[in-house]
Amino acid sequence: MFIITLGSTEAWQFAHSGDYLVLSPDPEIDGHLLHRKTLTLEECNQDLSRFVELYRKHVPNIKIIVTVSPVPLNKTHDPDLHVVSATMRAKSTLVVAAHSLVEKYRDCVYYLPSFETVMYGVRNPWQSDMRHGSNEAVRRVMKLFQIMFMEDQSNMPLPKFAEAPPASFRDRFRRWI
């Protein structure tokens, strides 16, 4: 089994090759080196289909669970959109792409509605930073996962999580840097 969580449609490509960068680049990087791109629904569908086909080639009986992260974007590279609108565009595109993938590969791809559960099925979905899921949200998603995909339905104790970490790795570990 493989679980994949889709998070954003905003990407960066190397100008010379078209290859995608795995992480968000430094905002000061030369614009001639990288191009910003927002993936379309069609591109997401194509990329996800290639992903499934590659896995099935090497592991023919693979089962894939696809889900969409409820965590909002903390910035956008689209100068015409507010980050809230960019988040909704990305999440909407990814939910539709995930459902399209399930329809195309009904024999091996399954959808876990974690985005919908956090957004619409939890009274208090966020920690105080409004970006990290609350303990209630995490418990609800994990319980849904258990109901949908696990034979063992006995009570699963889940740890309580502390408040979200500081805004950046550097801030969190400043005293050691």
Side-chain angles (χ1 to χ4, degrees), residues 1-15 17-25 34-127 129-134 136-150 164:
M1 176 175 294
F2 189 92
I3 301 171
I4 182 170
T5 302
L6 309 176
S8 179
T9 56
E10 294 190 2
W12 295 262
Q13 291 178 292
F14 287 104
S17 68
D19 292 338
Y20 287 98
L21 193 63
V22 177
L23 298 173
S24 194
L34 293 173
H35 294 267
R36 296 174 175 151
K37 178 174 181 65
T38 300
L39 300 172
T40 65
L41 176 59
E42 294 76 23
E43 290 170 319
C44 291
N45 285 338
Q46 290 170 0
D47 290 346
L48 289 168
S49 290
R50 280 194 302 257
F51 167 80
V52 171
E53 292 297 332
L54 179 64
Y55 255 92
R56 288 176 81 169
K57 179 180 175 182
H58 298 284
V59 185
N61 62 344
I62 187 76
K63 301 296 182 199
I64 299 170
I65 298 172
V66 63
T67 190
V68 175
S69 170
V71 176
L73 304 176
N74 65 356
K75 60 185 172 187
T76 179
H77 62 232
D78 189 328
D80 298 325
L81 286 181
H82 187 280
V83 69
V84 173
S85 296
T87 294
M88 190 49 63
R89 176 181 62 188
K91 302 305 179 174
S92 299
T93 300
L94 295 172
V95 167
V96 172
H99 283 287
S100 297
L101 194 69
V102 170
E103 289 174 23
K104 185 173 181 178
Y105 298 98
R106 290 185 182 276
D107 62 320
C108 68
V109 179
Y110 308 90
Y111 184 69
L112 174 67
S114 59
F115 173 79
E116 296 88 335
T117 300
V118 172
M119 296 305 293
Y120 307 110
V122 178
R123 187 176 309 272
N124 298 304
W126 306 110
Q127 292 184 20
D129 67 355
M130 298 297 293
R131 284 188 43 75
H132 292 85
S134 68
E136 177 186 2
V138 172
R139 280 194 296 278
R140 180 69 61 98
V141 170
M142 294 309 296
K143 184 63 179 173
L144 181 61
F145 179 88
Q146 180 183 27
I147 290 167
M148 291 179 70
F149 300 110
M150 295 176 66

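- Sequence neighbours left out, the pairs with a member in residues 51-67 that pass salt bridge (Lys or Arg N to Asp or Glu O under 4.0 Å) are Arg56-Asp107.
- For residues 93-106, there are no salt bridge (Lys or Arg N to Asp or Glu O under 4.0 Å) pairs, not counting sequence neighbours.
- Minimum interatomic distance between Leu101 and Ser49 (heavy atoms only, all atoms of both residues): CD1-N, 3.9 Å.
- Applying the 6.0 Å contact sphere to CE of Met130 captures no more than 12 heavy atoms from other residues, nucleotides or ligands.
- What you find for Cys108 and Ile62 is that their closest heavy atoms are CB-O, 3.3 Å.
- With sequence neighbours left out, Glu43 forms a salt bridge (charged side-chain N to carboxylate O under 4.0 Å, His left out) with Lys37.
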- Message: Could you go through Arg139 and Met142, starting from their C-alpha distance and side-chain angles, then the distance that decides it, and tell me whether this counts as side-chain contact (heavy atoms from CB on, under 4.5 Å)?
- Response: CA-CA 5 Å; Arg139 280 194 296 278; Met142 294 309 296; 5.9 Å; no
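- For the pair Glu10 (side chain) and Thr76 (backbone), a donor-acceptor distance under 3.5 Å is absent.
- Partners of Phe2 under the ring pair (Phe, Tyr, Trp, His ring centres under 6.0 Å) rule, at least two apart in sequence or in another chain, are Phe51, Tyr55.
- Residues Thr67 and Phe145 fail the side-chain proximity criterion, which asks for heavy atoms closer than 4.5 Å.
- Applying the ring pair (Phe, Tyr, Trp, His ring centres under 6.0 Å) criterion to Trp126, with sequence neighbours excluded, gives no partner residue.
- For residues 108-119, there are no salt bridge (Lys or Arg N to Asp or Glu O under 4.0 Å) pairs, not counting sequence neighbours.
- Among Ile3, Leu6, Leu112, Thr5, the one residue that satisfies the side-chain contact (heavy atoms from CB on, under 4.5 Å) test with Val66 is Leu6.
- A search for side-chain contact (heavy atoms from CB on, under 4.5 Å) contacts involving Leu54 returns His58, not counting sequence neighbours.
- Under a 3.5 Å cut-off, the side chain of Ser114 and the backbone N or O of Val68 do form a donor-acceptor pair.
- Counting only residues at least two apart or in different chains, ring-ring contact (aromatic ring centres under 6.0 Å, His included) contacts with residues 100-125 comprise His99-Tyr111.
- Between the side chain of Gln13 and the backbone N or O of Tyr20 there is no donor-acceptor pair closer than 3.5 Å.
- Applying the side-chain contact (heavy atoms from CB on, under 4.5 Å) criterion to Asp19, with sequence neighbours excluded, gives Phe14, Ser17.
- Pairs passing the side chain to side chain donor-acceptor pair (under 3.5 Å) check and including a residue from residues 83-96, sequence neighbours excluded, read Asp78-Arg89.
- Counting only distance, with no hydrogens or angles, the side chain of Ser134 and the backbone of Asn124 share a donor-acceptor pair below 3.5 Å.
- Every salt bridge (charged side-chain N to carboxylate O under 4.0 Å, His left out) that Arg50 has, sequence neighbours left out, goes to Asp47.
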